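Take a look at the structure below.
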Amino acid sequence: MKLDFLGNLRRTHTCGELRAANDGQQVILMGWVNRRRDLGSLIFVDLRDRTGFTQVVFNAEQNKSLHAKASDLRSEFVVAVKGAVKKRDGNTINKNVPTGEIEVVASELLLLNESKTPPFSPSDDANSTVSNEETRLKYRYIDLRRPQMQANIELRHKVALAIRNDLSQRGFFEIETPFMTRSTPEGARDYLVPSRVHPGQFYALPQSPQLFKQILMISGFDKYFQIVRCFRDEDLRADRQPEFTQIDLEMTFPQQDRVFEVVEGFLTAAFKAAGHELKTPFPRMTYDEAIAQYGSDKPDLRLPAMTDVREAFTPDQLATLQINPSLPVVCVRTPKVGELSRKERDDLKTLVAAKAGIKTIDDLKRLEKSFPDTVSKVREKCGAQADDFLLLVVGAADANIKPAALSSAAGSWRLALAQKFADKHKAFERTGKVDTDYRWLWVTDFPMFEYDDESKRWVAAHHPFTSPHEKDLIAGRLESDPGAVRALAYDAVLNGIEMASGSIRIHQQEIQRQIFKAMGIEREEAQQRFGFFLDALEYGTPPHGGIAMGLDRLVMVLAGGESLREVIPFPKTAQAKDLMVDAPTPVSDEQLQQLGISLKRK
RNA sequence: GGGGACGUAGUUCAGUUGGUUAGAACGCUGCCCUGUCACGGCAGAGGCCGCGGGUUCGAGUCCCGUCGUCCCCGCCA
């Protein structure tokens, strides 16, 4: 087929903007053939670009050769059309599309490019028969033409732009930090980049610009931010990609509240860009409260909290039911589930993996026969409505577990039940109201350390540069009871998703030394791993702190998506592969040789 | 590293107890059609049933292995 060149031809309008008011105008549109409806001597073509589509008409009676050219058009051909906007007659108006009041009567057609028949059509969107993800990812360039994906990527742009503008107005500088940097093994695995100039040595891609941004504070930049790619070589999830984008920021002389103000500020701007008005300040909750009430450090507030109903039981009843009286009796309430059959209750048993020392009671009706007063107290305590499903998560009589472990198990049940019965309680459905659809929360006062059973040592819960609470730095506690030391660390949580994580940092060398010591990191080891940073700390480091928010996750929630892949143009699969470019791949022996790398054969 | 679901036409899927020539819809190709907009009508093409092995007279169907995609646990300071 003979193709035309673009020449000097220029669009007068996009495919989504013509209206009845444009009636009679000569226009030039360019785009893709979304659909073709060939009625013989009358051909309709929906011409699509990212703004929408416009119906173009070719009439054999008016122009035979033009009509003949149009009859060769197929899906996804790229064309330019010259023509006149014509207001449609009453019964031919299409009320379902914004441009439905008009059509363009073509007088000239340029065939700019043809297209193979795509494996799936971007216009399939309307039929909701979207291809499986494997096909979508392989042909990502076609997938991205779908209106939904175009909208998601546009939303991402608008959100990022609003955040940039907001932070800039607050006096933050966007400053770039290196992608090729130093491996600081602690936390996630690094992606490594071999050095050709220094055979046997490696750069690492940053898991976050953490130390660089702290050094920027030491350098006096006062307020820094960056919308920046970060890399972690860990297994993927629907909400985890090996490379992801963070809104990273840091400021000098802040209290935790100053950081919260900044975040709530840029989120207000971001939500506004997405068409939502956000209510600030966000509610707050300590880590301990979150664990006790929600069994999670990232509570989803769209569903009720858990309740400790131990007081509803008498000591005799606890003994009879073989419930450990020293542990909470946690009631998990899932609204509007209604009556469950014996079989449905049995099916629940596999919902959460069994844990030693923890049991559940799912049949309150039966319990009520033996202990009517107790059950009515339980219902009252957790504010149950008649059709709410109540599950008791309790410690077995001989259980040797901590209350937090029980709460955390109950939290798993709370989430699993919430997901299973989402159709019934409808708490996850969009209502159009920002304060019910988007439940933000600050979780504060995380513990400074967590005990790692594998390495048998205390490790930083956030990272080792996080400042402990001043009050918890009483003599000897770092050594005697590290688990009781709280950190000035905080998370922003949205609908049960961890969106941001930050802290006030350590700015005093002496405290930093104590923290490393508590973690069993010797001075030499610390010097070897973070020496450059510890050196920097000694040259007039101001108090500083900040936070990093996941842009992908933020846009995912705003787009109503279930997976980061819906808001990342070129994402990776669960096996960390890019199906479009087919990466990773082996490299040539020559490349390896230059890098001084030899591969171990399996 | 572990658990689960899935893999059949270009796409989305059906395929009964193992039994003739593996089906449907959409898409595609050709012909017809002047008001369609998920256009319509007629005709047609299109299959390594993911791959390898096994059981069987006979396997899309059963078994073992393997590869791929998705979800979850571990992991993710």
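Everything quoted here is computed from the prediction, not taken from an experiment. Values reported hereafter were calculated over all heavy atoms of this structure, with side chains retained and with hydrogens, waters and symmetry mates removed. Numbered from 1 within each chain, the chains take letters A, B, ... in sequence-line order.
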Inspect the surroundings of [atom1] in [X] and state if more than 12 heavy atoms from other residues, nucleotides or ligands are less than 6.0 Å away.
| X | atom1 | value |
| --- | --- | --- |
| A/R523 | CZ | no |
| A/Y203 | OH | no |
| A/R36 | CZ | yes |

Check the phosphate of [N] against [X], side-chain N and O only, distance under 4.0 Å to OP1 or OP2. Yes or no?
| X | N | value |
| --- | --- | --- |
| A/S41 | B/U34 | yes |
| A/R37 | B/U36 | no |
| A/S121 | B/G27 | no |
| A/R237 | B/C73 | yes |
| A/R565 | B/C71 | yes |
| A/N132 | B/U12 | yes |

message = Which label fits A/Y191 and A/F231: parallel for a plane angle under 30°, tilted from 30 to 60°, or perpendicular past 60°?
response =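 Plane angle over 60°, so perpendicular.
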message = Parallel, tilted or perpendicular, judged at 30° and 60°: which one describes the rings of A/F465 and A/H463?
response =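 Geometry flag for A/H463 against A/F465: tilted rings.
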Base, sugar-phosphate, or nothing for [X], non-hydrogen atoms under 4.0 angstrom?
| X | answer |
| --- | --- |
| A/Q241 | nothing |
| A/T573 | sugar-phosphate |
| A/Q55 | base |
| A/P119 | sugar-phosphate |
| A/N59 | base |
| A/I43 | nothing |
| A/A461 | sugar-phosphate |
| A/N91 | nothing |

message = I'd like the C1' distance from B/C37 over to B/G52, given in whole Å.
response =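 Going atom to atom, C1' in each nucleotide, I get 49 Å.
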Of the candidate nucleotides [options], which contains the atom at the shortest distance from the side chain of [X]?
| X | options | answer |
| --- | --- | --- |
| A/A574 | B/C70, B/C37, B/C76 | B/C70 |
| A/E134 | B/C75, B/U11, B/U69 | B/U69 |
| A/A238 | B/C28, B/C72, B/C33 | B/C72 |

Given atom [atom1] of [X] and atom [atom2] of [N], what is their separation to the nearest angstrom?
| X | N | atom1 | atom2 | answer |
| --- | --- | --- | --- | --- |
| A/Q419 | B/C71 | CD | C1' | 10 Å |
| A/D235 | B/U69 | CG | P | 13 Å |
| A/F53 | B/A38 | CZ | C1' | 10 Å |
| A/L73 | B/U36 | CG | P | 21 Å |
| A/K577 | B/C67 | NZ | P | 11 Å |
| A/Q575 | B/G1 | CD | P | 10 Å |
| A/N96 | B/C39 | CG | P | 12 Å |

message = Taking the six-membered ring for Trp, are A/F58 and A/F44 closer than 6.0 Å centroid to centroid?
response = no
Watson-Crick or G-U wobble partner for [N], using a 3.5 Å limit on both distances?
| N | result |
| --- | --- |
| B/C26 | B/G10 |
| B/A38 | none |
| B/G18 | none |

note = So CG of A/L303 and CZ of A/F428: to nearest 0.5 Å the spacing works out to 4.5 Å
task = Would you tell me whether A/T51 and A/E17 have side-chain atoms, one donor and one acceptor, within less than 3.5 Å of each other?
result =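 The answer is no; no qualifying pair exists.
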With 3.5 Å as the limit, what N/O pairs link the protein to nucleotides 29-31 of chain B?
| residue | atom | partner | partner atom | Å |
| --- | --- | --- | --- | --- |
| B/U29 | OP1 | A/R74 | NE | 3.0 |
| B/G30 | OP2 | A/R74 | NH2 | 3.2 |

message = Checking A/K87 against A/D23 for the salt bridge (charged side-chain N to carboxylate O under 4.0 Å, His left out) test, could you report, in this order, the C-alpha distance in whole Å, the side-chain angles of both residues, the deciding distance, and whether it holds?
response = CA-CA 6 Å; A/K87 220 169 144 177; A/D23 187 29; 5.8 Å; no
